[in-house]
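Single-structure report; data block below.
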Amino acid sequence: MKFLGVDHIDIIVAELDVSIEYYRKFGMHPEGTVDNGETVFLWNGDNEHPVRIELHKLKEGQKPGIDHLAFLVEDPADAQKEIEFLGGIDFLFTPFENQQSGRTIANSYDPDGVQIQMARQTGAGTYKNWE
């Protein structure tokens, strides 16, 4: 198993509209939204070299910053099995396809508590297209 690239970075933000406008200045474009508009997917519009960011509106008890890093892998379920065979890493759940994003995911925490996700686009996702 190896990381094939970064699938996306998930960031918790204090003001969603302000953050969207900030990332637009770097060439990012809203792609879709879920959670009644409180989560917005942004991307650079480049299928050959995609960059994706997922912005989540800050909820009570959270701090702004990185929620998780998602790395692209060939097959998240196989990758999790391989890592579990090596031992020493606990996963948060059995890999599943997140219906909102259409990604099959497997999550764990690194030694410093950063959530690491292995992901692969396996479906269309149910998020609403950005209007």
Side-chain angles (χ1 to χ4, degrees):
M1 190 283 306
K2 67 178 182 176
F3 290 152
L4 303 175
V6 174
D7 186 79
H8 66 277
I9 301 169
D10 187 305
I11 306 170
I12 298 170
V13 300
E15 295 183 50
L16 196 54
D17 292 341
V18 171
S19 293
I20 290 168
E21 288 310 309
Y22 175 84
Y23 287 104
R24 279 182 187 256
K25 293 175 183 170
F26 288 93
M28 301 298 288
H29 308 283
E31 182 177 29
T33 184
V34 296
D35 301 330
N36 295 318
E38 296 200 358
T39 299
V40 175
F41 299 90
L42 303 172
W43 80 304
N44 64 341
D46 185 340
N47 286 319
E48 189 172 332
H49 302 287
V51 175
R52 285 194 161 77
I53 299 173
E54 187 175 336
L55 302 178
H56 284 245
K57 184 177 178 185
L58 179 73
K59 294 179 183 171
E60 189 174 330
Q62 292 182 320
K63 295 180 183 179
I66 302 292
D67 179 68
H68 66 266
L69 300 175
F71 293 98
L72 176 65
V73 296
E74 189 65 39
D75 183 317
D78 285 348
Q80 180 171 329
K81 287 177 191 172
E82 184 177 332
I83 291 168
E84 286 176 332
F85 176 79
L86 296 173
I89 296 177
D90 294 321
F91 286 85
L92 304 177
F93 45 77
T94 301
F96 70 97
E97 184 177 279
N98 178 305
Q99 296 301 301
Q100 290 181 325
S101 69
R103 287 175 174 79
T104 296
I105 58 174
N107 291 25
S108 65
Y109 287 105
D110 80 359
D112 294 309
V114 176
Q115 193 169 171
I116 301 298
Q117 183 177 89
M118 296 183 297
R120 182 74 182 202
Q121 190 78 35
T122 53
T126 60
Y127 63 79
K128 297 177 185 174
N129 287 333
W130 188 262
E131 299 170 358

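Note that these values count all heavy atoms, side chains included, but never hydrogens, waters or copies made by symmetry.
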Expected list for residues 41-55: side-chain donor-acceptor pairs under 3.5 angstrom, two or more places apart:
residue, atom, partner, partner atom, Å
Asn44, OD1, Asp46, N, 3.3
Asn44, OD1, Val51, N, 3.0
Asn44, ND2, His49, O, 2.9
Asp46, OD1, Glu48, N, 2.9
Asp46, OD1, His49, N, 3.0
Arg52, NE, Glu31, OE1, 3.2
Arg52, NH2, Glu31, OE2, 3.0
Glu54, OE1, His8, NE2, 3.3
Glu54, OE2, His56, NE2, 2.9

- Message: Tell me if a side-chain donor or acceptor on Glu82 pairs with a main-chain N or O of Met1 at a distance below 3.5 Å.
- Response: yes
- Message: Under 4.5 Å between side-chain heavy atoms, counting indirect links through other Ile/Leu/Val/Met/Phe/Trp/Tyr residues: same cluster for Leu16 and Ile12 or not?
- Response: no
- Message: With heavy-atom distances below 4.5 Å as the criterion, would you say the side chains of Ile11 and Ile66 are in contact?
- Response: yes
- Query: Is there a donor-acceptor pair under 3.5 Å between the side chain of Thr39 and the backbone N or O of Thr33?
  - Reply: no
- Message: Within the 4.5 Å heavy-atom criterion, are Pro30 and Arg24 side-chain neighbours or not?
- Response: yes
- Query: For the side chain of His29 and the backbone of Gly27, is there at least one donor-acceptor N/O pair under 3.5 Å apart?
  - Reply: yes
- Message: Do Phe91 and Met118 have side chains that approach each other closer than 4.5 Å (heavy atoms only, starting at C-beta)?
- Response: yes
- Message: Do Gln115 and Leu92 have side chains that approach each other closer than 4.5 Å (heavy atoms only, starting at C-beta)?
- Response: yes
- Query: With hydrophobic residues grouped by side-chain heavy-atom distances under 4.5 Å, do Phe71 and Ile89 end up in a single group?
  - Reply: yes
- Indicate the atoms forming the closest heavy-atom contact of Ala14 with Leu58, along with that distance. CA-CB, 4.0 Å
- ILVMFWY network linking Leu72 to Phe96, side-chain heavy atoms under 4.5 angstrom: no
- Do you reckon Val114 sits in the same ILVMFWY cluster as Val73, going by side-chain contacts under 4.5 Å, direct or chained? yes
- Query: Considering residues at least two apart in sequence or located in another chain, which fulfil the side-chain hydrogen bond (donor to acceptor under 3.5 Å, both in side chains) criterion with Thr126?
  - Reply: none
- Residues Lys81 and Glu84 bridged, charged N to O under 4.0 Å: no
- Query: When you look at CG of Asp110, are more than 12 heavy atoms from neighbouring residues, nucleotides or ligands closer to it than 6.0 Å?
  - Reply: yes
- Message: Between Gln100 and Asp35, is there a side-chain donor-acceptor contact under 3.5 Å, judged purely by atom types and distance?
- Response: yes
- Query: Where the side chain of Gln99 meets the backbone of Glu97, is there a donor-acceptor pair that is under 3.5 Å apart?
  - Reply: yes
